[in-house]
Student: 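First the structure, which I've put down as structure tokens, then a few questions once you've had a look.
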Amino acid sequence: MNLNDIKDLMSQFDQSSLREFSYKNGTDELQFSKNEARLVPEVAAPVASAPVLATPSPVAPVSVPAETAVEEISTPAETSVAPEGDILESPLVGVAYLAAGPDKPAFVTVGDSVKKGQTLVIIEAMKVMNEIPAPKDGVVTEILVSNEEMVEFGKGLVRIK
């Protein structure tokens with residue numbers, strides 16, 4: 001498999017509703033994830049079998065040497081300093097939304113000043129939209145979740161300084 005095949009497969013994965021995709025054939029392995037990035041890539045780690053989900057467009061099986069996949073897909077480690085501030089944690093389990101709708105602007109972005117009580121995120125739980133307000137006045141230094149990400153109780157949502 002060449003680099004163009006990998007890029008094409010990544011594009012199809014990006015446009016699908018799948019959160020994770022892995023392919024393994026003998027010594028070849030390829031993994032994609034839309035979940036939080038790992039700081040240290042796993043190389044040739046055993047992959048647990050999972051049920052296969054239907055994709056919007058069928059993808060032909062692809063064979064990629066494990067070394068090539070890691071070299072092309074890996075991202076360099078970030079050297080930025082950790083943002084300051086207090087973390088607002090999720091009060092419930094659900095799906096986090098960063099905007100009121102797909103065509104609406106985000107409630108907040110990094111660098112925005114917020115007032116106590118201002119909506120930062122909406123968490124959908126059991127078909128109920130729960131607005132998560134700012135606990136204090138401050139500045140958003142980091143957004144810790146992505147739009148439509150499944151969050152657990154206690155997961156960090158936003159960091160406010």
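For the numbers below, each heavy atom of this structure counts, side chains included, while hydrogens, waters and symmetry mates do not. Positions are given from 1 along the sequence.
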Student: Would you say that Val145 contacts Lys155 through its side chain, given a criterion of any heavy-atom pair below 4.5 Å between the two side chains?
Tutor: yes

Student: Counting only pairs under 3.5 Å, give me each side-chain donor-acceptor contact of residues 127-135, with atom names and distances, residues two or more places apart or in other chains.
Tutor:
| residue | atom | partner | partner atom | Å |
| --- | --- | --- | --- | --- |
| Asn130 | ND2 | Ile123 | O | 3.1 |
| Asn130 | ND2 | Val128 | O | 3.2 |
| Glu131 | OE1 | Thr119 | OG1 | 3.1 |

Student: With sequence neighbours left out, write down each residue that passes side-chain contact (heavy atoms from CB on, under 4.5 Å) with Ser113, or none if nothing qualifies.
Tutor: Val139

Student: With sequence neighbours left out, write down each residue that passes side-chain contact (heavy atoms from CB on, under 4.5 Å) with Lys115, or none if nothing qualifies.
Tutor: Gln118, Asp137

Student: Just by modelled atom types, is the Glu84 backbone N or O under 3.5 Å from a matching donor or acceptor in the Thr141 side chain?
Tutor: yes

Student: Output all residues satisfying side-chain contact (heavy atoms from CB on, under 4.5 Å) with Val93, sequence neighbours left out; order by chain, then residue number.
Tutor: Met150, Glu152, Phe153

Student: Mind jotting down which residue pairs meet the side chain to side chain donor-acceptor pair (under 3.5 Å) criterion with at least one end in residues 97-112? Sequence neighbours excluded, please.
Tutor: Tyr97-Glu124, Thr109-Asp112

Student: Quick check on the hydrophobic clustering: are Ile143 and Leu88 connected, directly or via other members, by side-chain heavy-atom contacts under 4.5 Å?
Tutor: yes

Student: Can you give me the closest heavy-atom contact between Ala99 and Ala106, atom names plus distance?
Tutor: CB-CA, 3.9 Å

Student: I need the full list of salt bridge (charged side-chain N to carboxylate O under 4.0 Å, His left out) pairs touching residues 85-99, with sequence neighbours left out, sorted by first then second residue.
Tutor: Asp86-Lys136

Student: Apply side chain to side chain contact (heavy atoms under 4.5 Å, CB included) to the pair Leu120 and Val108, showing each step before the final yes or no.
Tutor: CA-CA 6 Å; Leu120 303 176; Val108 292; 3.7 Å; yes

Student: Can you get from Leu98 to Val114 by hopping between Ile, Leu, Val, Met, Phe, Trp and Tyr side chains that sit under 4.5 Å apart?
Tutor: yes

Student: Is there a continuous path of hydrophobic side-chain contacts, each under 4.5 Å between heavy atoms, that joins Leu157 to Val95?
Tutor: no

Student: Determine whether Val158 and Leu144 make a side-chain contact, defined as any pair of heavy atoms from C-beta on separated by less than 4.5 Å.
Tutor: no

Student: Rounded to the nearest 0.5 Å, what separation is found between the CD1 atom of Ile160 and the NZ atom of Lys116?
Tutor: 11.5 Å

Student: Does Val151 belong to the same Ile/Leu/Val/Met/Phe/Trp/Tyr cluster as Ile122, with side-chain heavy atoms less than 4.5 Å apart forming each link?
Tutor: no

